[in-house]
Amino acid sequence: MTMNFNAKNMLHSSIFHPTLRQLQQPNVELTPNNFMFPIFITDHDDAKQPIQSMPNVYRYGLSQLKDALAPVVENGLRYILLFGVPDTLPKDNTGSNADSKLNPVIRALPKLREWFPDLVLACDVCLCPYTQHGHCGILGESGELDHVKSVQRIADISLAYAQAGAHIVAPSDMNDNRVKAIKQVLFANNIHNKIAVLSYSCKFASALYGPFREAAKAAPKFGDRKCYQLPPGSSGLAIRAADRDIEEGADMLMVKPGLPYLDILRQIKDRHPNYPLFIYQVSGEYSMLMKAGETGGLKSILTEILRSMRRAGADCIISYFTPTVLSWIKNGEMDL
Ligand code: PBG
Ligand code: ZN
């Protein structure tokens, strides 16, 4: 029997072998370059503190950091994203300890440079872990963010991280025009050529940050962040935010959270193909996937999701799963 067939409409001949399947997924490989690992650094120097809502994720004290990272670096880790978690350090209205000499990130940066000379060090820049009120800027008398004071403070903290040895500063505060303020301060201090600004450009007000706020002890003490993070239904503001941050000099862009915002990711990549684009698979996504993986199958679920992020336009995925993924990559255990 000869079917009346059109060979052009037959797909199976392209995907019967794992290497051929790889060939059908161009530019979405999962390599160590595509993963950035977020790390929480506590001011208890000897501590390794588990985080209840994030199994397998810890807050590390300075003396625990080297041992924690060395095996991951060994497996190909390229970049980390540092979050300071002050516990004994006092909080105040201007977040003084975000850039004081006692700040755990400021103290860790020179050490990390020395221990891991090839590792790229990014620092989250925000005030919420360091302020009494837990909001991401300086509040004015009305209880709302004071725009001018907040961006100046965010810029000064960025400079402090740059001077302490960061390669990338990543402002997550979402105050308008902070990228411009950061670039101005870096320029004024003649350090602008040695530090990249990764803007959390499209950051939505999300319920998926819940576990992070436990981890970083950075929950707002009153109210919410809806007046400075983007409304989840808005793609218009996300696009304006990315355009604005590019105009102000951002080196790299980000969409956050990840999986629920892949449409935004694709729009931003199409609109700004010349800018490296990051996606943040946030704490709530991590917790959900850990639950989903309890019955087995984490690897295939996660691989599928990570590929979807690459396919939608992510150049780099910020993920708490980075150590796990790097070991799968190294051992040739990724699903194809
Ligand atoms: C703080 C900050 C948050 C995250 C990164 N930086 C939380 C927030 O904005 O409330 C979220 C990260 C995560 O959930 O994994 N500005
Ligand atoms: Zn914040």
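In listed order, ligands and their atoms are each counted from 1.
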Engineer: Look at atom 9 (O) of ligand 1 and say which protein heavy atom is nearest, naming residue and atom and giving the distance to 0.1 Å.
Structural biologist: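 In this structure, atom 9 (O) of ligand 1 has Lys203 NZ, 2.6 Å as its nearest protein heavy atom.
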Engineer: Using a 4.0 Å heavy-atom cut-off, say whether Met174 meets ligand 1 through its side chain, its backbone, both or neither.
Structural biologist: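 Looking at Met174 and ligand 1, no heavy atom falls under 4.0 Å.
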Engineer: So, for Pro260 and Glu285, which heavy atoms are closest and what is the spacing to 0.1 Å?
Structural biologist: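 Shortest heavy-atom separation between Pro260 and Glu285 comes out as CD-OE1, 4.2 Å.
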Engineer: Look at the aromatic rings of Tyr280 and Tyr320 and report parallel, tilted or perpendicular, splitting at 30° and 60°.
Structural biologist: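 Answer is tilted, since the angle falls between 30° and 60°.
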Engineer: Find all atoms of ligand 1 within a distance of less than 4.0 Å from any non-hydrogen atom belonging to Cys126, and give their numbers and elements.
Structural biologist: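 Those atoms are 16 (N).
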Engineer: Does Glu294 pair with Lys291 as a salt bridge, N-O distance under 4.0 Å?
Structural biologist: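 A salt bridge links Glu294 with Lys291.
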Engineer: For atom 14 (O) of ligand 1, what is the closest protein heavy atom, and at what distance to 0.1 Å?
Structural biologist: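 Here the closest protein heavy atom is Ser283 OG, 2.7 Å.
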Engineer: Check for me: within less than 2.8 Å of the Zn ion (ligand 2), which protein N/O/S atoms show up?
Structural biologist: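 Listed by chain and number, the atoms are Cys126 SG, Cys128 SG, Cys136 SG.
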Engineer: Measure the CG-CD1 distance between Asn177 and Ile154 for me, rounded to the nearest 0.5 Å.
Structural biologist: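 Rounded to the nearest 0.5 Å, the CG-CD1 separation comes to 13.0 Å.
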Engineer: Among all protein heavy atoms, pick out the one at the shortest distance from atom 12 (C) of ligand 1; state its residue, atom name and that distance to 0.1 Å.
Structural biologist: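 The closest heavy atom on the protein side is Phe212 CD1, 3.3 Å.
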Engineer: Give yes or no for whether the N/O distance cutoff of 3.5 Å, strictly under, is met between Asp173 and ligand 1.
Structural biologist: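 No, there is no polar N/O contact under 3.5 Å.
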Engineer: At the 4.0 Å heavy-atom cut-off, does Tyr286 count as touching ligand 1?
Structural biologist: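 No; Tyr286 lies far enough from ligand 1 that no heavy-atom distance drops under 4.0 Å.
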Engineer: Which ligand 1 atoms, with their elements, are less than 4.0 angstrom from a heavy-atom of Tyr280?
Structural biologist: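 Near Tyr280, meaning under 4.0 Å from one of its heavy atoms, ligand 1 has 12 (C), 15 (O).
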Engineer: Would Lys48 count as a cation-pi partner of Tyr58, with NZ or CZ less than 6.0 Å from the six-membered ring centre and within 45° of the ring normal?
Structural biologist: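 Pair Lys48/Tyr58 counts as cation-pi.
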Engineer: Does either side chain, that of Tyr79 or that of Asn33, offer a donor lying less than 3.5 Å from an acceptor on the other one?
Structural biologist: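 There is no such pair between these side chains.
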Engineer: Classify the contact between Ala218 and ligand 1 as side chain, backbone, both or neither, using a heavy-atom distance cut-off of under 4.0 Å.
Structural biologist: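 The answer is neither; Ala218 stays 4.0 Å or more away.
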Engineer: Ile246: which residues meet the side-chain contact (heavy atoms from CB on, under 4.5 Å) condition with it, sequence neighbours left out?
Structural biologist: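 If we apply the side-chain contact (heavy atoms from CB on, under 4.5 Å) test to Ile246, skipping adjacent residues, the hits are Leu253, His272, Tyr275.
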Engineer: For ligand 1, which atoms, with element, lie under 4.0 Å from some heavy atom of Asp124?
Structural biologist: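 Near Asp124, meaning under 4.0 Å from one of its heavy atoms, ligand 1 has 6 (N).
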Engineer: Would you mind listing which atoms of ligand 1 come within a distance below 4.0 Å of any non-hydrogen atom of Arg225?
Structural biologist: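 Here the atoms of ligand 1 in question are 8 (C), 9 (O), 10 (O).
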Engineer: Please lay out, stage by stage, how Phe321 and Tyr286 fare under the test ring-ring contact (aromatic ring centres under 6.0 Å, His included).
Structural biologist: CA-CA 8 Å; Phe321 286 111; Tyr286 176 83; 4.5 Å; yes
Engineer: Got a salt bridge between Asp173 and Arg153, using NZ or NE/NH1/NH2 to carboxylate O under 4.0 Å?
Structural biologist: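 No, this pair does not count.
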Engineer: Yes or no: does Gln281 have any heavy atom under 4.0 Å from an atom of ligand 1?
Structural biologist: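 No, that is not the case, since the closest heavy atom of the residue is not under 4.0 Å from the ligand.
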Engineer: May I ask you to decide whether Asp45 forms a salt bridge with Arg107, counting only side-chain N to carboxylate O separations under 4.0 Å?
Structural biologist: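 Arg107 and Asp45: salt-bridged.
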Engineer: Are the side chains of Leu65 and Lys111 in touch, meaning some heavy atoms are under 4.5 Å apart?
Structural biologist: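 Contact flag for Leu65/Lys111 side chains = no.
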Engineer: Please classify the Phe83 to ligand 1 contact at 4.0 Å (heavy-atom distances, strictly less than): side chain, backbone, both or neither.
Structural biologist: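 Phe83 to ligand 1: side-chain contact only, backbone stays beyond 4.0 Å.
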Engineer: With a 4.5 Å cut-off on side-chain heavy atoms, are Phe37 and Leu81 touching?
Structural biologist: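 No, their side chains stay 4.5 Å or more apart.
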Engineer: To which protein heavy atom is atom 11 (C) of ligand 1 closest, and what is the distance rounded to 0.1 Å?
Structural biologist: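 The answer is Lys256 NZ, 2.9 Å.
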Engineer: Set out, in order, the CA-CA distance, both residues' side-chain angles and the distance that settles salt bridge (Lys or Arg N to Asp or Glu O under 4.0 Å) for Lys299 and Glu333, then state yes or no.
Structural biologist: CA-CA 9 Å; Lys299 194 194 290 172; Glu333 292 173 6; 3.7 Å; yes
Engineer: What is the nearest protein non-hydrogen atom to atom 1 (C) of ligand 1, stated with its residue, atom name and distance?
Structural biologist: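 Protein heavy atom with the smallest distance to atom 1 (C) of ligand 1: Cys128 SG, 3.4 Å.
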Engineer: Starting from atom 16 (N) of ligand 1, what is the nearest protein heavy atom, named by residue and atom, and what distance separates them?
Structural biologist: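 For atom 16 (N) of ligand 1, the nearest protein heavy atom comes out as Ser172 OG, 3.0 Å.
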Engineer: Think Lys203 forms a cation-pi with Tyr209, using NZ or CZ under 6.0 Å from the six-ring centre and within 45 degrees of its axis?
Structural biologist: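 Yes - Lys203 lies over the ring of Tyr209, closer than 6.0 Å to its centre and within 45° of its axis.
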